[in-house]
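Below is one structure, written out as structure tokens, with a few remarks after it.
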Amino acid sequence: MSLRAELRSFAQNLAPSESEVRRAAENTDRITRAVHNHFRGRGIVDRITPFGSYAKKVSIRGNMDVDIIVYINGRDPPFDDVVKQLYSIVINQFTSSCRKDSYGVYFTFNDLKVDLLPARNFLPSESSHDPDVDRKARVQHRRALNYVKGIPERARDRYSTSLSFVSVIFEKERDSFSHSLSRLAKYWSFKVPVDGLKPRSSIMEYLAAYAADHESSSQDLLKGFQYFLKLFEFSDSLHIYWTEFYSEYDIPESLRRKRPLLLDPCNPFNNLLEANGVNNANCLLLMRPYARATLQRLEDAQQRLSQGGYIGIDEILQPDSSGCVRP
């Protein structure tokens with residue numbers, strides 16, 4: 001089997017099993033119903049919607065996570081009282097092992113990692129019963145973005161969840177080649193012993209999406225993965241953004257000039273390489289020697305296969321293999 005075929009098969013096997021997806025859906029529904037029941041009849045919650053890697057269909061087998069947005073009517077963040085109530089629901093009905101901050105509640109239930117996040121609802125009342133989820137998400141995003149552009153920069157971070165659901169549409173509109181590359185990138189990243197990168201999954205997904213865009217005509221997973229790894233060589237000068245959900249003119253001038261830049265495709269104010277007060281750009285620099293080593297092992301594997309030898313993909317992706325110099 002060629003290295004390309006091996007890589008393609010490996011990436012396909014990274015997808016969660018049907019039973020894992022079904023179990024995640026059941027647990028997500030159970031959590032959603034509990035929140036709905038708690039707030040029912042009070043006019044506080046408009047709707048509850050899952051997103052994250054589970055909803056985006058780019059989860060890795062055995063590493064499923066779901067973010068659940070609770071859209072709040074008529075209130076601006078921070079949602080301290082709502083967070084307290086969400087925390088109480090989780091403690092009383094799901095697990096006592098959870099934490100909270102001013103943004104939401106975080107816990108694991110039946111092996112499903114869950115972030116339960118309140119967000120301001122920007123959907124007009126006449127659209128709330130629209131059965132088209134994607135259309136509602138676009139209306140929510142457009143109205144939220146228009147609002148956020150008009151508030152002080154220091155307050156914008158509080159509205160990031162209001163903008164975030166269209167990330168599901170971003171991935172939905174990408175092809176299986178891009179999804180496979182995202183899974184492969186995330187799997188490789190999880191093997192690399194560099195801590196502190198946050199949000200790790202999202203950064204890897206979007207770097208892989210950029211690499212998939214570059215190789216969209218070839219649909220060659222090996223070339224796409226090699227291009228993804230080469231991005232680390234130039235990680236300090238990255239300048240990546242998309243304009244599916246906002247225009248270039250929505251991006252603040254200071255960000256448009258920024259290097260490195262990996263702009264959230266949902267949020268023109270969120271450079272993921274500076275997210276959450278973390279220097280993610282420095283983490284990418286620390287991952288550079290691992291990317292170099294993996295590129296070298298890919299070359300060695302191609303040569304070995306051409307001579308009738310064999311090398312397993314998992315061996316190629318091991319960060320501690322020969323040739324990798326720890327940062």
Side-chain angles (χ1 to χ4, degrees), residues 28 31-32 35-36 39 42-56 65-87 100-106 114-130 132-172 198-199 202 205-206 241-247 249-252 255 263-272 274-277:
T28 299
I31 295 164
T32 299
V35 175
H36 264 307
F39 289 100
R42 288 190 268 170
I44 296 173
V45 172
D46 178 80
R47 64 199 183 281
I48 303 173
T49 311
F51 76 120
S53 64
Y54 157 74
K56 290 189 284 187
D65 64 81
V66 61
D67 299 338
I68 301 175
I69 306 177
V70 183
Y71 289 100
I72 307 300
N73 289 321
R75 299 190 193 182
D76 286 296
F79 301 105
D80 294 333
D81 180 58
V82 172
V83 168
K84 287 179 182 177
Q85 293 184 66
L86 293 174
Y87 184 76
K100 65 180 176 69
D101 59 21
S102 59
Y103 289 91
V105 180
Y106 315 93
V114 182
D115 292 357
L116 197 53
L117 308 168
R120 176 176 163 178
N121 177 40
F122 283 91
L123 203 64
S125 57
E126 63 268 20
S127 299
S128 61
H129 298 295
D130 187 341
D132 189 324
V133 175
D134 286 2
R135 185 163 56 220
K136 285 200 295 189
R138 290 178 185 276
V139 173
Q140 162 79 20
H141 184 270
R142 183 174 64 252
R143 291 168 64 95
L145 181 59
N146 287 337
Y147 179 85
V148 173
K149 285 191 293 186
I151 64 176
E153 183 177 345
R154 66 181 181 276
R156 287 172 176 169
D157 182 56
R158 288 287 182 180
Y159 294 86
S160 59
T161 309
S162 291
L163 295 164
S164 59
F165 182 77
V166 289
S167 63
V168 175
I169 302 175
F170 178 82
E171 288 294 348
K172 186 186 294 186
K198 184 180 180 182
S202 294
E205 282 173 23
Y206 295 139
Y241 62 88
W242 292 267
T243 54
E244 278 93 331
F245 300 105
Y246 50 77
S247 76
Y249 301 104
D250 290 324
I251 305 169
L255 274 182
L263 204 56
D264 187 333
C266 312
N267 186 346
F269 313 112
N270 183 24
N271 181 6
L272 290 166
E274 295 180 339
N276 305 303

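Residue numbers start at 1 and run along the sequence shown. Atoms considered below: every heavy atom in the structure, side chains included; atoms not considered: hydrogens, waters and symmetry mates.
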Determine whether [X] and [Y] make a side-chain contact, defined as any pair of heavy atoms from C-beta on separated by less than 4.5 Å.
X      : Y      : answer
Asp65  : Val114 : no
Asn270 : Ser160 : no
Ile68  : Val66  : yes
Arg156 : Asn267 : no
Arg158 : Pro78  : yes
Asp80  : Ser102 : yes
Asn73  : Ile44  : no
Tyr106 : Asp101 : yes

**Q.** Passing candidate, side chain to side chain contact (heavy atoms under 4.5 Å, CB included) with Leu116, options Ile48, Leu86, Ile69
**A.**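 The single option meeting the side chain to side chain contact (heavy atoms under 4.5 Å, CB included) with Leu116 is Leu86.
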Q | side chain to side chain contact (heavy atoms under 4.5 Å, CB included) partner of Asn271, chosen from Ile251, Asp264, Leu255 | A | Leu255
Q: Classify the angle between the aromatic ring planes of Phe245 and Phe170 as parallel (below 30°), tilted (30 to 60°) or perpendicular (above 60°).
A: tilted
Q. Using the ring of each side chain (for Trp, its six-membered ring), is Tyr159 parallel, tilted or perpendicular to Tyr147, with breaks at 30° and 60°?
A. tilted
(Q) Show, in sequence, the C-alpha distance, side-chain angles and deciding distance for Tyr206 and Leu272, and conclude whether the side chain to side chain contact (heavy atoms under 4.5 Å, CB included) test is met. (A) CA-CA 10 Å; Tyr206 295 139; Leu272 290 166; 3.4 Å; yes
Q: Check the pair Lys56, Phe51 against side chain to side chain contact (heavy atoms under 4.5 Å, CB included), reporting the backbone distance first and the verdict last.
A: CA-CA 7 Å; Lys56 290 189 284 187; Phe51 76 120; 5.8 Å; no
If we ignore hydrogens and angles and just use 3.5 Å, is the side chain of [X] paired with the main-chain N or O of [Y] as donor and acceptor?
X      : Y      : value
His141 : Cys266 : yes
Ser162 : Arg120 : yes
Glu244 : Pro265 : no
Ser127 : Leu123 : no

Give a yes or no on whether [X] atom [atom1] has more than 12 heavy-atom contacts from other residues, nucleotides or ligands under 6.0 Å away.
X      : atom1 : answer
Arg42  : CZ    : yes
Lys84  : NZ    : no
Glu153 : CD    : no

Q: Would you sort out whether Tyr241 and Tyr246 count as a ring pair (Phe, Tyr, Trp, His ring centres under 6.0 Å), showing the intermediate values?
A: CA-CA 10 Å; Tyr241 62 88; Tyr246 50 77; 7.5 Å; no
**Q.** Set of residues satisfying side-chain contact (heavy atoms from CB on, under 4.5 Å) with respect to Arg143, sequence neighbours excluded
**A.**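 Partners of Arg143 under the side-chain contact (heavy atoms from CB on, under 4.5 Å) test: Phe122, Pro124, Val139.
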**Q.** side-chain contact (heavy atoms from CB on, under 4.5 Å) against Val133, all qualifying residues, sequence neighbours excluded
**A.**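 Counting only residues at least two positions away or on another chain, Val133 forms a side-chain contact (heavy atoms from CB on, under 4.5 Å) with Phe165.
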Q) Given Asp134 and Lys172, is the side chain to side chain contact (heavy atoms under 4.5 Å, CB included) satisfied, shown in steps? A) CA-CA 10 Å; Asp134 286 2; Lys172 186 186 294 186; 3.1 Å; yes
Q) Are Arg75 and Asp81 close enough, and set up right, to give a side chain to side chain contact (heavy atoms under 4.5 Å, CB included), and what steps lead you there? A) CA-CA 11 Å; Arg75 299 190 193 182; Asp81 180 58; 4.2 Å; yes
Of all the heavy-atom pairs spanning [X] and [Y], show the shortest one and how long it is.
X      : Y      : result
Gly104 : Leu117 : CA-CD2, 4.1 Å
Arg47  : Thr49  : CG-OG1, 4.1 Å
Pro118 : Ile72  : CB-CG1, 4.0 Å
Pro268 : Pro252 : O-CD, 3.4 Å

Q: Output yes when Lys136 and Asp130 qualify as a salt bridge under the 4.0 Å nitrogen-oxygen rule, no when they do not.
A: no
Q: Mind checking the CG-OH spacing from Asp46 to Tyr71? Nearest 0.5 Å is all I need.
A: 9.5 Å
